[in-house]
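Inspection log for the structure reproduced underneath, given as structure tokens.
Each ligand, and each atom within it, is numbered from 1 in the order the structure gives. Along the sequence shown, the residues carry numbers beginning at 1.
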Amino acid sequence: MSRRNFSQSVSRQISRPIPRRAFLASASALAFVALLPEAALAKVGGFSQPVAIPPLDEGRLDGTVRVFDLAMQPGETEFFPGLKTKTAGINASYLGPALHFRKGEDVRVHVTNKTRDVTTLHWHGFNIPARADGGPHQMIRPGETWSPEFKVLEEASTMWAHSHTMGKTAEQVWSGLAQMVVISDEGDAGLPANYGTDDFPVVLQDRRFYRDGSMPYEASRHDLMAGMQGNIPLVNGTVQPYLDVTTKLVRLRVLNGANASIYNLGFDDNRLFHQVASDGGLLAAPVPTKGLRLAPGERAELVVSLRPGERTVLQSRGLSGGSMPMMEQSPAFDFLELRAAATLADTADLPATLATPPLPDAAEASQTRHFLLEMPGMGMGMVRNMMGGGGFTINGDEMDMDRIDFEVSKGATEIWEIENAGPMMHPFHVHNTQFRILDRNGAAPEPHEAGRKDTVLVEAGETVRIAVRFDHYADPERPYMYHCHILEHEDAGMMGQFTVV
Ligand code: C2O
Ligand code: CU
Ligand code: CU
């Protein structure tokens with residue numbers, strides 16, 4: 001098993017060919033490593049910090065409604081011992097508690113904006129009334145409280161909530177305004193389900209730290225184009241983290257909460273593990289694998305089996321995919337060391353089958369829509385992008401809050417065909433639904449992509465077809481979003497709006 005210390009792993013991360021614009025930031029990273037006081041560096045060397053496990057917020061019951069009180073707030077976080085970093089969080093200085101919802105119950109969330117900017121809080125992955133979606137139209141001004149109420153219609157799954165402010169999503173999520181949502185259902189299919197004991201949240205991100213400990217959102221022109229990537233990997237906001245494992249099987253609820261990085265996950269000893277859930281809930285059966293690709297916005301639940309005393313490192317191995325070598329979309333990172341105790345408690349065996357994921361049926365589709373994703377090329381898009389962002393389009397249009405792109409009938413099944421004509425990969429996300437991937441360039445999805453999805457990575461030159469249906473809510477006024485989940489692309493226009501009527 002490979003062991004790298006902190007500075008080796010950082011220099012490995014930045015030894016890749018570095019595009020010119022990003023070089024400045026990476027040079028700062030070198031300076032950071034070189035100039036950090038020795039004592040502080042020693043303290044962060046290796047996998048030396050226990051990974052933060054955000055508290056599970058159960059809310060409080062008001063009759064039959066489960067009520068949560070959330071404050072989106074500025075804060076200071078000590079990622080590196082002795083260095084304070086300006087951040088933001090939800091009931092925390094960075095990120096927030098994992099909210100625990102139960103399938104079928106009603107929840108009400110009071111979200112107070114204690115930051116200095118307008119913000120929003122979007123329920124990513126939920127079938128939800130448009131007024132409660134938390135997209136760009138549900139703005140919360142500084143000092144205000146927004147109180148959406150909705151029924152939890154989802155299957156047992158790992159969801160999340162994050163800022164979705166028009167033009168500012170990238171900056172606000174970067175600062176820390178995001179949190180996990182765990183949805184449970186009776187029995188949980190017999191998988192490990194003791195939060196914090198054998199069932200763990202694993203929020204993967206990367207951030208660009210300078211030697212004073214700061215991680216400002218300073219996106220260069222290259223960052224706006226490629227998406228903002230960091231020099232330091234974080235798990236639940238912890239740098240160089242380890243997780244003490246005390247059971248034979250552990251369930252990892254992995255969320256790619258990065259602005260732009262696509263993670264190509266696996267373990268450093270190339271061990272076999274199982275993926276048990278995709279974005280919207282359990283797969284039909286555990287899928288044995290040695291690696292999986294996870295794009296921003298996507299979730300995967302993994303079950304890993306450990307032997308007493310052993311250690312293994314969850315890492316992103318990097319990935320080639322886009323056809324533009326300048327835009328390296330998938331960095332290599334060592335994320336998290338799992339450390340098994342000398343004796344491990346028994347857990348139930350991994351079930352052979354898990355669930356029958358409810359999915360739309362393409363045979364019922366009443367129409368097909370086409371979505372062409374384009375990024376700035378050599379023409380007007382490039383000019384617009386150079387003049388301050390923009391130039392990222394869907395079907396030729398940049399996002400406009402005042403334009404509804406189309407209407408969908410409630411309950412109708414549709415086929416959406418997403419074509420990526422450009423040189424980068426784009427994770428395409430749709431609000432208010434869990435969809436079925438029909439095919440990628442005509443090829444049926446692999447088993448781990450055959451379950452419920454709300455975000456799908458579309459490779460350069462690829463066309464992905466999905467079957468989508470909006471069953472529950474209609475609202476002729478308030479739209480839902482569909483967009484690229486590379487947050488810089490979303491903010492630069494690669495987003496559109498539809499209503500369900
Ligand atoms: Cu996770 Cu529209 O976003
Ligand atoms: Cu969403
Ligand atoms: Cu994109």
message: Between W160 and H485, is the ring centroid distance below 6.0 Å?
response: yes
- prompt: Does R207 make a cation-pi contact with W174, if we ask for NZ or CZ under 6.0 Å from the ring centre and within 45° of the axis?
  reply: yes
- prompt: Quick check: does H485 put an N/O/S atom under 2.8 Å from atom 2 (Cu) of ligand 1?
  reply: no
- prompt: Has E446 got more than 12 heavy atoms of other residues, nucleotides or ligands less than 6.0 Å from its CD?
  reply: no
- prompt: Would one find an N, O or S atom of H122, in either backbone or side chain, under 2.8 Å from atom 2 (Cu) of ligand 1?
  reply: no
message: I'd like to know if atom 2 (Cu) of ligand 1 has an N/O/S atom from H483 within less than 2.8 Å of it, counting both backbone and side-chain atoms.
response: yes
message: With a 6.0 Å cut-off (strictly less than), is the heavy-atom count around NZ of K86, excluding the residue itself, greater than 12?
response: no
- request: Measure from the Cu ion (ligand 2) to every N/O/S atom of H122 and report the name of the nearest one.
  value: NE2
Within 6.0 angstrom of R131 CZ, more than 12 heavy atoms from elsewhere: no
query: Name the one of P136, S163, P142 that satisfies side-chain contact (heavy atoms from CB on, under 4.5 Å) with V118?
result: P142
- prompt: Taking the six-membered ring for Trp, is the centroid-to-centroid distance between H164 and H483 below 6.0 Å?
  reply: yes
task: Output, by chain and residue number, all protein N/O/S atoms separated from the Cu ion (ligand 3) by less than 2.8 Å.
output: H426 ND1, C484 SG, H489 ND1
Check: F150 ring centroid to Y473 ring centroid under 6.0 Å: no
message: Any N/O/S atom from H164 (main chain or side chain) under 2.8 Å of the Cu ion (ligand 2)?
response: no
